Amino acid sequence: ATGQPQIHSRGDAPFYLWEGGVEAQVVPYGQAVHHGDFVCGSLESGLTCWNTKTGHGAFMNKDGYQAF
């Protein structure tokens, strides 16, 4: 609820594998995909993913990330 969110690498399975039946997706530039409360939109400059209920998310690309 407060403070700057941070992204850390983890050693366990990606969250989309926890529920089963969800496969990784390639999101073409200019497109968006959603799963539950999460949306990810792809642009040539990077990928933005956020939670539609909280508004928290991150923009990420090969240079780094910016959480919001």
Side-chain angles (χ1 to χ4, degrees):
T2 62
Q4 178 69 23
Q6 296 183 8
I7 296 175
H8 299 279
S9 67
R10 295 176 51 156
D12 56 354
F15 81 92
Y16 62 84
L17 294 177
W18 296 346
E19 295 180 15
V22 178
E23 294 186 27
Q25 298 180 41
V26 174
V27 184
Y29 296 138
Q31 300 286 321
V33 294
H34 55 86
H35 178 73
D37 296 336
F38 295 92
V39 176
C40 290
S42 176
L43 296 173
E44 287 189 40
S45 59
L47 183 73
T48 303
C49 295
W50 67 97
N51 182 301
T52 59
K53 289 192 176 189
T54 67
H56 293 281
F59 169 79
M60 56 203 99
N61 62 22
K62 64 181 181 178
D63 297 324
Y65 77 94
Q66 177 69 42
F68 56 89

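The model shown is predicted, which means the values in this text are computed figures rather than measured ones. Computed from heavy atoms alone, side chains included, the values below leave out hydrogens, waters and symmetry copies.
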Going by chain and number, the hydrophobic cluster around Phe59 (ILVMFWY, side chain to side chain under 4.5 Å) further includes none

List, by chain and number, the other hydrophobic cluster members for Tyr29, where Ile, Leu, Val, Met, Phe, Trp and Tyr join if side-chain heavy atoms come within less than 4.5 Å, directly or indirectly.
none

For residues 40-52, tabulate all N or O donor-acceptor pairs below 3.5 Å that involve a side-chain atom, not counting sequence neighbours.
| residue | atom | partner | partner atom | Å |
| --- | --- | --- | --- | --- |
| Ser42 | OG | Val27 | O | 3.1 |
| Asn51 | OD1 | Lys53 | N | 2.7 |
| Asn51 | OD1 | Thr54 | N | 3.0 |
| Thr52 | OG1 | Asp37 | O | 3.1 |

